[in-house]
Novice: 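Encoded as structure tokens, here's the structure I'll be asking about.
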Amino acid sequence: MADEAKLEKIRHSMAHVMAEAVLEIFPDAQIAIGPAIDNGFYYDFDLPRSLSEQDLEDITERMKAIIKSNKEFKRSVVTRDEAKEMFKDQKYKLELIDAIEEGSEISIYNQGGFTDLCRGPHVESTKELNPEAFKLLSVAGAYWRGKETNPMLQRIYGTAWLTPKDLRLYLDHLADIEKRDHRKLGKELDLFSLHEEAGPGLVYWHPRGARIRQAIENFWREEHYKNGYEMIYTPHVGKSWLWETSGHLGFYKESMYPKMEMDNMDYYVKPMNCPFHIMIYQNSKKSYRDLPCRWAELGTVYRYEKAGALHGLMRVRGFTQDDAHIFCTPDQMDAEIMEVLRFSLYMLHSFGFNDIHAYISTKPEKSVGEQEKWDAATEALKRAVEKEGISYDVDEGGGAFYGPKIDLKIKDAIGREWQLSTVQFDFNLPERFKLTFVDKDGTEKRPYMIHRALLGSIERFFGVLIEHYAGAFPPWLSPDQVAVIPVAESANDYACELERKLRQDGFRAKSDLSNDRMNAKIRKAQQMKIPYMLIIGDKEKENGTVSVRYRNGKQDNGLSYEAFASALKAKIDSKEQL
RNA sequence: GCCCUUGUAGCUCAGUCGGUAGAGCACCACCAUGGUAAGGUGGGGGUCGCCGGUUCGAAUCCGGCCGAGGGCUCCA
């Protein structure tokens with residue numbers, strides 16, 4: 001942990017060194033802020049022209065020279081007026097000085113030719129910075145103080161470490177991230193595509209991607225049924241009164257696709273499934289005996305995300321939520337929450353996510369629903385996480401206005417966090433739609449309503465899966481589980497026979513009868529990350545056996561078909577990685 | 001939405017000072033029948049994102065639009 005503090009000092013000091021280098025090149029540059037961040041640092045500048053890659057090299061060289069000149073970082077305290085005088089040509093600094101609270105100390109740091117308004121801390125001297133352990137990564141636009149109405153500055157991002165080896169490791173990590181990029185793998189493995197000409201942010205699932213989706217959805221449906229849910233299907237558009245009642249037109253209109261007019265009525269494409277599920281609830285009078293109702297739907301919704309926010313499968317405009325709504329009595333709430341959380345964890349584990357952290361968000365300032373309800377619901381959430389023994393953080397006041405929630409974030413194979421599951425109480429919709437149930441005593445009462453999605457959206461979940469497995473899916477999810485590769489044409493008929501048998505036994509198999517040589521076929525199957533290859537020639541044909549080549553290069557020769565099929569089935573059933 | 005970068009064949013990318021396009025892979029055909037990561041030869045395929053401007057002439061220069069990538073929440 002001492003290293004963490006040291007690193008922060010190093011990174012923050014690097015930012016100052018970078019500012020000095022930039023000022024050498026652009027003496028009139030306006031400098032803004034330059035903090036240490038995760039893995040590195042940045043500094044924002046207002047410059048007369050845009051920076052290029054070439055500039056980054058230039059700046060890097062100057063930074064190295066500054067570091068090698070062994071400048072001390074000297075801290076001093078100045079008065080407000082002194083500070084204003086020192087930075088009289090730096091309008092952003094003046095703004096910062098004005099923002100400093102009356103009575104608090106104003107400190108400056110100086111290293112050689114550069115002085116910055118700064119609360120520190122810094123290293124003692126540039127001697128402590130390793131000129132071979134940092135790298136400038138990119139230039140990006142950033143608003144002054146992050147506000148859209150402010151001028152756009154140029155931000156230079158850099159990364160800095162204690163040693164060149166640490167830098168190397170970090171750059172390798174970045175390269176790994178790039179290799180796993182689901183957009184790249186989606187193309188290479190022929191899983192999905194997006195088509196600007198047909199509408200940005202809308203996903204096309206190719207056959208190989210669709211097979212994975214079906215494996216996910218089949219599993220999802222089976223498990224939901226086993227766990228007491230009913231499947232429902234609801235429309236994709238609804239009249240405006242639905243969205244007025246739900247409040248979406250009031251709070252959410254910006255993100256909805258615009259209205260369609262028909263028969264003097266306005267229709268909207270759904271951005272959420274909830275109001276439709278409520279329609280079903282209201283279709284008949286509900287008794288406490290009918291509750292809980294657990295209704296699940298793979299519901300496709302459309303939201304008009306800002307153009308700049310779209311990102312592959314991770315942020316799209318049309319997506320399918322693995323949605324469910326639970327309507328229950330107040331008495332049932334505790335048990336339902338426990339169950340939802342247990343079920344979520346089971347689902348996430350099944351997909352190979354075992355590092356899970358929970359975030360509970362509580363009542364914000366502006367909210368609906370009585371305090372007691374919020375407290376009861378929030379307590380139920382806490383009890384549930386504690387019972388499951390997963391670590392959690394509480395985001396006080398971070399809930400939606402309509403109820404507290406719990407989000408589950410998983411860590412993927414290379415340690416990145418992704419939010420998947422969410423369980424949210426809703427004190428708003430039951431009120432707005434005047435939902436009721438008749439209780440034991442014959443009086444009408446308001447049911448609790450819980451929204452939950454375990455995978456989040458199928459599209460985004462797919463993106464996370466691709467990156468988690470780097471495209472090498474475990475057999476139960478692999479689009480092609482088995483590639484049958486004949487050594488020469490004489491084994492083609494045997495290959496076809498094997499393919500037919502495998503498919504009939506429920507496996508996803510395909511034989512490669514192309515003109516290529518066996519070596520090329522193996523290469524292709526390997527590149528498509530198919531877990532099992534059956535290499536068959538005259539030998540196997542004669543003996544009725546198969547030779548198995550695994551994705552990892554290992555090999556099992558001369559197995560009987562039955563032996564292979566049962567081993568494969570066991571692997572698929574276990575959902576294990578190969 | 002805003003800033004920077006970017007948009008050439010299905011994919012990955014070349015294309016120098018403006019003179020109406022190239023490679024590899026993929027695809028198709030033929031030859032080769034090959035035991036664990038690319039066999040050979042030949043062929044087809046692009047109004048260079050879209051619209052407009054400058055020019056004798058634009059993939060190349062200029063403007064606008066559309067899309068994609070990075071960033072815009074780490075705070076003197």
Side-chain angles (χ1 to χ4, degrees), chain A residues 8 11-12 15-16 31-44 46-47 49-53 55 78 80 83 87 90 92-101 104-109 116-120 137-157 178 181 183-184 187-188 190 193-201 254 305-312 483 485-492 514-528 533-540 547-551 553-555 557:
Chain A
E8 192 176 330
R11 288 167 181 161
H12 194 170
H16 281 219
I31 58 176
I33 56 171
I37 57 174
D38 288 348
N39 304 320
F41 58 92
Y42 70 76
Y43 212 111
D44 288 345
D46 196 343
L47 302 173
R49 65 169 173 85
S50 317
L51 294 170
S52 65
E53 290 294 314
D55 291 314
V78 295
R80 189 171 296 263
F87 295 102
Q90 289 290 345
Y92 299 108
K93 293 294 176 192
L94 289 175
E95 229 181 292
L96 292 172
I97 292 166
D98 283 334
I100 295 173
E101 271 179 50
S104 58
E105 204 171 66
I106 298 179
S107 60
I108 57 169
Y109 276 83
D116 201 358
L117 178 73
C118 181
R119 89 172 116 205
L137 297 175
S138 60
V139 185
Y143 296 105
W144 166 235
R145 311 220 107 189
K147 273 176 70 179
E148 279 186 47
T149 47
N150 284 342
M152 178 70 71
L153 306 172
Q154 294 191 67
R155 173 172 299 179
I156 304 177
Y157 280 99
E178 215 175 303
D181 193 316
R183 293 164 301 182
K184 188 167 163 284
K187 243 181 226 172
E188 288 171 6
D190 196 16
S193 56
L194 296 152
H195 300 270
E196 46 162 302
E197 71 275 26
E254 293 300 290
E305 297 290 347
K306 287 198 274 184
L310 297 178
H311 179 83
I485 297 177
V487 172
E489 254 173 51
S490 58
N492 277 7
S514 66
N515 247 346
D516 292 313
R517 283 173 11 123
M518 178 203 62
N519 303 278
K521 293 180 187 182
I522 290 176
R523 181 164 192 267
K524 271 198 287 186
Q526 198 73 45
Q527 283 177 330
M528 294 311 268
M533 284 169 240
L534 297 186
I535 316 287
I536 51 155
D538 293 337
K539 267 188 284 178
E540 287 79 5
S547 290
V548 188
R549 182 195 157 102
Y550 302 94
R551 184 165 58 195
K554 289 196 183 128
Q555 182 94 11
N557 290 337

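Below, read A as the first sequence line, B as the second, and so on, with proteins coming before strands; counting in each chain starts at 1.
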Novice: At less than 4.0 Å, is any side-chain N or O atom of A:R517 found next to OP1 or OP2 of B:rG39? Yes or no.
Specialist: yes
Novice: Rounded to the Å, how far apart are A:N557 CG and B:rU36 P?
Specialist: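 So the CG-P distance, A:N557 to B:rU36, works out to 10 Å.
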Novice: When all nucleic acid strands are considered with a 4.0 Å heavy-atom cut-off, which category describes A:Q555: base, sugar-phosphate, or nothing?
Specialist: base
Novice: Nearest-Å distance, NZ (A:K524) to P (B:rC25)?
Specialist: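 Rounded to the whole Å, the gap is 14 Å.
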Novice: Is the closest basic N to carboxylate O distance between A:D516 and A:K521 below 4.0 Å?
Specialist: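 So A:D516 does not pair with A:K521 through a salt bridge.
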Novice: Mark yes or no for a side-chain to base donor-acceptor pair under 3.5 Å between A:E540 and B:rG35, with no hydrogen or angle criteria applied.
Specialist: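 Such a pair is found, so the answer is yes.
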Novice: Where each residue is assigned the nucleotide of RNA chain B containing its nearest heavy atom, which of A:L51 and A:D538 is assigned the position nearer the 5′ end?
Specialist: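 Comparing both residues, the 5'-ward one is A:L51.
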Novice: In whole Å, what is the span from the CG atom of A:N515 to the P atom of B:rA38?
Specialist: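 Interatomic distance, CG of A:N515 to P of B:rA38: 17 Å.
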Novice: Taking the side chain as every heavy atom from C-beta outward, state whether A:K539 and A:S547 have any pair of such atoms under 4.5 Å apart.
Specialist: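 A side-chain contact under 4.5 Å is absent here.
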Novice: Check whether A:Q90 reaches the backbone of A:F87 with its side chain - one donor and one acceptor, N or O, closer than 3.5 Å.
Specialist: no
Novice: Determine whether A:V487 and A:D538 make a side-chain contact, defined as any pair of heavy atoms from C-beta on separated by less than 4.5 Å.
Specialist: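 Heavy-atom side-chain distance check fails, nothing below 4.5 Å.
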Novice: Which one is paired to B:rG57, where only Watson-Crick or G-U wobble pairs with both distances under 3.5 angstrom count?
Specialist: none
Novice: Rounded to the nearest angstrom, tell me the gap between atom CD in A:Q526 and atom C1' in B:rA37.
Specialist: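 Whole-Å distance recorded here is 7 Å.
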Novice: Between protein and nucleotides 70-76 of chain B, map the contacts as a letter string: B base, S sugar-phosphate only, - none, heavy atoms under 4.0 Å, written 5' to 3'.
Specialist: BBBSBBB
Novice: Is the phosphate of B:rU12 approached by A:K187 (side-chain N or O, under 4.0 Å from OP1 or OP2)?
Specialist: yes
Novice: In whole angstroms, how far is the C1' atom of B:rC3 from the NZ atom of A:K306?
Specialist: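 My rounded result for the distance is 14 Å.
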Novice: Measure the distance from CD on A:Q527 to P on B:rC25 and round it to the nearest whole Å.
Specialist: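 These atoms are roughly 13 Å apart.
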Novice: Go ahead and name the base partner of B:rA23; Watson-Crick or wobble counts if both distances stay under 3.5 Å, otherwise write none.
Specialist: B:rU12
Novice: Quantified in whole Å, what is the P atom distance between nucleotide B:rU55 and nucleotide B:rC62?
Specialist: 16 Å
Novice: Under a 4.0 Å N-O cut-off, is there an ion pair linking A:K93 with A:D116?
Specialist: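 Yes.
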Novice: Starting from C1' on B:rC11, measure out to CE on A:M528 and report it in whole angstrom.
Specialist: 12 Å
Novice: Within 45 degrees of the ring normal and closer than 6.0 Å to the centroid, is that where the cationic atom of A:R155 sits relative to A:Y42?
Specialist: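 Pair A:R155/A:Y42 counts as cation-pi.
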Novice: With a cut-off of 6.0 Å (strictly less than), are more than 12 heavy atoms of other residues, nucleotides or ligands near CD of A:Q526?
Specialist: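 Enclosed: over 12 neighbouring heavy atoms sit under 6.0 Å from CD of A:Q526.
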Novice: Round to a whole Å and report the spacing from CD1 of A:I156 to P of B:rC3.
Specialist: 19 Å
